[in-house]
2 protein chains.
Amino acid sequence: MQLSNSSQYAIRILAYMADQKDSRLMNATELAETLSIPYKFLTKIMTELVKAGLVVSIRGREGGYKFKKKTSEIMVSDILDIFNDSVKDEQCVLGIGFCNGMCKCALHDQWMEPKHLLQKMFRESSLEDIAGEGCKI
Amino acid sequence: MQLSNSSQYAIRILAYMADQKDSRLMNATELAETLSIPYKFLTKIMTELVKAGLVVSIRGREGGYKFKKKTSEIMVSDILDIFNDSVKDEQCVLGIGFCNGMCKCALHDQWMEPKHLLQKMFRESSLEDIAGEGCKI
DNA sequence: TACAATTACTACTTAAAGGTAGAATTAAAA
DNA sequence: TTTTAATTCTACCTTTAAGTAGTAATTGTA
Ligand code: SF4
Ligand code: SF4
């Protein structure tokens, strides 16, 4: 009952990037060191974020990464989607999901509310929101 | 963001057992076939449930499994605990959890409510509840 | 007692997630 | 133009979850 490492890392990376005042380019070495994420794994994740269209990369000397969209327009759920980690509408608590609405177990209705809260939280929290408040994550 | 296979299987197995009227012994072969769970994997899980004290096993011919406690006294969270799959109090949404209360990200407070609902759901739903309602899972 | 039906144990295999290594590519700077 | 600092690609390694195989131990029944 937890997000994958990749999702966690991605959120931390992007939240850190969003937290920088100027939208300067940031390179993988700096990000890996600052956030204590294995360099090679970080670059792998960054490449996925580039492919997903969340950030753009500038290759070559003096290169790095920057956001493609405004941080207020990137939602946490957008990040989770990339790693197939978001809470789907049809997703059953038990991960079973071959029961229909007509025929539900005792958990079915109880799961609706937390599920909606989680979806709301992920869908309505932008990187700007996360970066703005509190300390770094 | 989902329970492990072992947890899912265990819940389904126990819910099915709880659903039987008489508290007869049920053997692994029957359970595996009825619930479409790989026989060998099922016996592995059953052994863990025995060790955890949820069910007792009778070995040898005419043997099988039966509950050790009343089904109204076995909570879903008891099952999740065995497979280390329950939602912990300290558990951060992001699985990071090196932030303290003083220094929280935008998700921190929003996570509290769904977390409590999940915990409540798992802690207050017994096998009897699940078995009684609706169809088999 | 011998047999058959059952769970328990030990060890292995497979699949997926997590992580690493090295070379190829790119482009600014010297 | 050469060097250097950066991303990207391909391939591999490691760890954990998931699943399988074979055998030992147990016990009711014939
Ligand atoms: S009835 Fe229960 S098992 Fe079936 S989809 Fe709903 S929550 Fe999942
Ligand atoms: S502040 Fe955010 S990252 Fe830190 S423990 Fe709370 S939810 Fe997790």
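Not measured: the values here are computed from a predicted model.
- Every residue two or more places apart in sequence or in another chain that forms a side-chain hydrogen bond (donor to acceptor under 3.5 Å, both in side chains) with B:Ser125 is listed here: A:Gln110.
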What string of B, S and - do you get for nucleotides 9-21 of chain C 5' to 3' if you count protein non-hydrogen atoms under 4.0 Å?
-> S--------SBBB
Considering only distance and modelled atom types, tabulate donor-acceptor pairs under 3.5 Å from the side chains of residues 30-48 of chain B, sequence neighbours left out.
residue	atom	partner	partner atom	Å
B:Glu30	OE2	B:Arg24	NH2	3.2
B:Thr34	OG1	B:Glu30	O	2.6
B:Thr43	OG1	B:Lys40	O	2.9
B:Thr47	OG1	B:Thr43	O	2.9

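- Inter-residue side-chain proximity for A:Val87 and A:Lys115 is flagged as met; some heavy-atom pair is nearer than 4.5 Å.
- Protein chain A contacts DNA chain D over a range whose 5' and 3' limits, counting nucleotides with an atom under 4.0 angstrom from a non-hydrogen atom, are D:dT4 to D:dC9.
- Among residues two or more places apart in sequence or in another chain, the salt bridge (Lys or Arg N to Asp or Glu O under 4.0 Å) test is passed with A:Lys88 by none.
- The interatomic distance linking B:Glu48 (CD) with C:dT7 (C1') rounds to 15 Å, in whole Å.
- Qualifying side-chain hydrogen bond (donor to acceptor under 3.5 Å, both in side chains) partners for A:Ser57, counting only residues two or more places apart in sequence or in other chains: none.
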5'-to-3' dot-bracket of DNA chain D (Watson-Crick, G-U; under 3.5 angstrom; crossing pairs as [ ]; | other strand) = ||||||||||||||||||||||||||||||
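- Listed by first then second residue, pairs satisfying salt bridge (charged side-chain N to carboxylate O under 4.0 Å, His left out) with a partner in residues 63-77 of chain B number zero, not counting sequence neighbours.
- Remark: B:Ser77 OG to B:Asp85 CG distance equals 12.0 Å, nearest 0.5 Å.
- When hydrophobic residues (I, L, V, M, F, W, Y) are linked wherever their side-chain heavy atoms come within less than 4.5 Å, B:Met75 remains an isolated member.
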Report each atom pair, protein N/O against N/O of nucleotides 28-30 of chain C, whose distance is under 3.5 angstrom.
residue	atom	partner	partner atom	Å
C:dA28	O4'	A:Arg61	O	3.4

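- With sequence neighbours excluded, no residue forms a ring-ring contact (aromatic ring centres under 6.0 Å, His included) with A:Phe122.
- To the nearest 0.5 angstrom, B:Asp109 atom CG is 6.5 Å from B:Met112 atom CE.
- Contact of the A:Leu127 side chain with the A:Ile79 side chain is registered, since non-hydrogen atoms from C-beta on lie closer than 4.5 Å.
- When the salt bridge (Lys or Arg N to Asp or Glu O under 4.0 Å) test is applied to B:Glu113, no partner is found at least two apart in sequence or on another chain.
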